[in-house]
Structures are given as C-alpha cells and as structure tokens.
Amino acid sequence: MKTRSSAAAPAPARSVPAPARRATTKPRAKKKPLKDDRNKPKKPPTAFFYFLEDFRKTYQQENPDVKSMRDIGKACGEKWKTMSFEEKVAYYDIATEKRAEFERAMAEYIKRKESGDFSEESDYE
DNA sequence: GGCCTGATTGTTGAG
DNA sequence: CTCAACAATCAGGCC
C-alpha cells in the first residue's frame with residue numbers, strides 16, 4: 001500500500017526542454033472515438049481535469065460572460081498553481097484511483113499485445 | 001451545414 | 001532517462 005499512497009507526487013523535477021508546441025494542428029483523432037478502446041485503453045482524466053469540472057461550474061456562475069473552456073482553462077491553470085497542495089491532493093486522490101483502474105486495463109492491453117497478435121477479428125459490427 | 005482548433009496541466013507508454 | 005502525444009470541454013471560426 002505504499003506504492004502510491006502519497007497520491008500527491010507530481011514529478012516536479014521534469015523540466016521539459018521541448019517548448020516547441022505542436023505546430024498548429026495536433027494529429028489528434030478528434031472526429032469520433034471509434035472503437036479503439038477495444039485494445040487501447042484511453043487515458044483517464046488527470047487531477048487537473050477533475051478540478052476543471054468543479055472549477056468550470058463555479059467559473060461560469062461568476063463569469064456567465066465567459067466564452068468557452070479556453071478562457072476557463074487559463075484561469076483554471078492559474079488558480080491551480082495557486083491552490084494549496086493539500087487542496088490539490090483531493091483531486092489527485094481521485095485521479096489516483098482512476099489511474100489504478102486504468103493501469104489494470106493497460107496491463108491487460110499490453111499482456112494481450114505481447115501474448116498474441118492482434119488479428120483484428122472483428123466480428124461484431 | 002459541418003468539422004476542426006485551441007488552451008489548461010497531468011499522466012502514462014514507448015524508445 | 002526522456003520525449004511526445006493524449007485526456008475533457010465547448011464554443012467559435014472557417015469554407
């Protein structure tokens with residue numbers, strides 16, 4: 001139980017020497033989630049996203065004029081940094097639980113990947 | 001009319 | 001060890 005007890009462990013010493021933002025468009029398949037989940041577990045929302053859910057509601061209440069998440073994201077990020085570690089821990093804890101589940105799904109995904117080939121069987125659909 | 005981008009940080013997987 | 005891409009959201013912008 002100590003593996004991740006300290007949920008709050010945001011690897012701080014990881015400077016990212018790659019400030020080069022993704023050009024202009026991100027090669028992200030945003031169209032539709034198709035069924036890639038069948039073999040590729042999608043990453044769970046991070047603590048930041050959970051905080052966003054709560055912050056987003058509050059932000060819109062006080063800022064009904066706000067546009068979309070782009071503005072909120074900035075405000076959220078700024079606030080996130082100002083938040084106390086203990087407060088963030090609350091969200092980290094939630095994300096940690098989700099990661100545990102995701103980690104299990106990923107373990108199976110990898111296991112399946114190494115175990116056998118993926119013959120896109122595909123029968124359904 | 002329909003599809004894509006943009007911004008936030010964190011997290012994880014692969015090389 | 002290190003990078004890189006992705007996770008939600010949502011409204012606006014473009015052709």
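Atom set for the values below is all heavy atoms of this structure, side chains included, hydrogens, waters and symmetry mates excluded. Chain naming here is simple, since letters A, B, ... match the order of the sequence lines and numbering starts at 1 in each.
- Atom pair Trp80(A):CH2 and dA8(C):C1' shows a separation of 14 Å (rounding to whole Å applied).
- Gln61(A) and Thr58(A) share no side-chain donor-acceptor pair at under 3.5 Å.
- Contact between Pro45(A) and Ala95(A) at its shortest, heavy atoms only, is O-CB, 4.3 Å.
- Taking atom CD of residue Glu103(A) and atom P of nucleotide dG13(B), one finds them 7 Å apart after rounding to whole Å.
- The side chain of Met106(A) sits closest to dG13(B) out of dA7(B), dT9(B), dG13(B).
- Among the nucleotides dA8(C), dT9(B), dT12(B), the one closest to any side-chain atom of Phe48(A) is dT9(B).
- Between the CD atom of Glu97(A) and the C1' atom of dG10(B) there is a distance of 17 Å, given to the nearest Å.
- The main-chain N or O of Ser84(A) is found under 3.5 Å from a side-chain atom of Glu87(A) such that the two form a donor-acceptor pair.
- Judged by ring centres under 5.5 Å apart and planes tilted less than 30 degrees, Phe49(A) fails to stack against the six-membered base ring of dG10(B).
- Ile72(A) comes within 4.0 angstrom of nothing in the nucleic acid, heavy atoms only.
- Atom NZ in Lys79(A) sits roughly 15 Å away from atom P in dT9(B) (whole-Å rounding).
- Residue contacts for Phe102(A): at a heavy-atom cut-off of 4.0 Å it reaches the sugar-phosphate backbone alone, with no base atom in range.
- Taking atom CE of residue Met83(A) and atom P of nucleotide dT9(B), one finds them 14 Å apart after rounding to whole Å.
- Across Phe48(A), Tyr50(A), Phe51(A), a single residue satisfies ring pair (Phe, Tyr, Trp, His ring centres under 6.0 Å) together with Tyr91(A), and that is Phe51(A).
- Taking only side-chain nitrogens and oxygens, Arg99(A) never comes nearer than 4.0 Å to OP1 or OP2 of dG10(B).
- Note: CG (Asp71(A)) to C1' (dG12(C)) measures 11 Å, nearest angstrom.
- To the nearest angstrom, P of dA7(B) lies 15 Å from OH of Tyr59(A).
- In this structure, Lys81(A) reaches the dT9(B) phosphate: one of its side-chain N or O atoms is under 4.0 Å from OP1 or OP2.
- The side chain of Arg70(A) sits closest to dA7(B) out of dA8(C), dA7(B), dT11(B).
- Between Ala95(A) and Met69(A), the one whose closest nucleotide on DNA chain B sits nearer the 5' end is Met69(A).
- Residue Lys43(A) places none of its side-chain N or O atoms closer than 4.0 Å to OP1 or OP2 of dA8(C).
- Nucleotide dT9(C) holds its P atom 14 Å from the CG atom of Asp54(A), rounded to whole Å.
- Within the 4.5 Å cutoff, the side chain of Thr46(A) has no heavy atoms near those of the Arg99(A) side chain.
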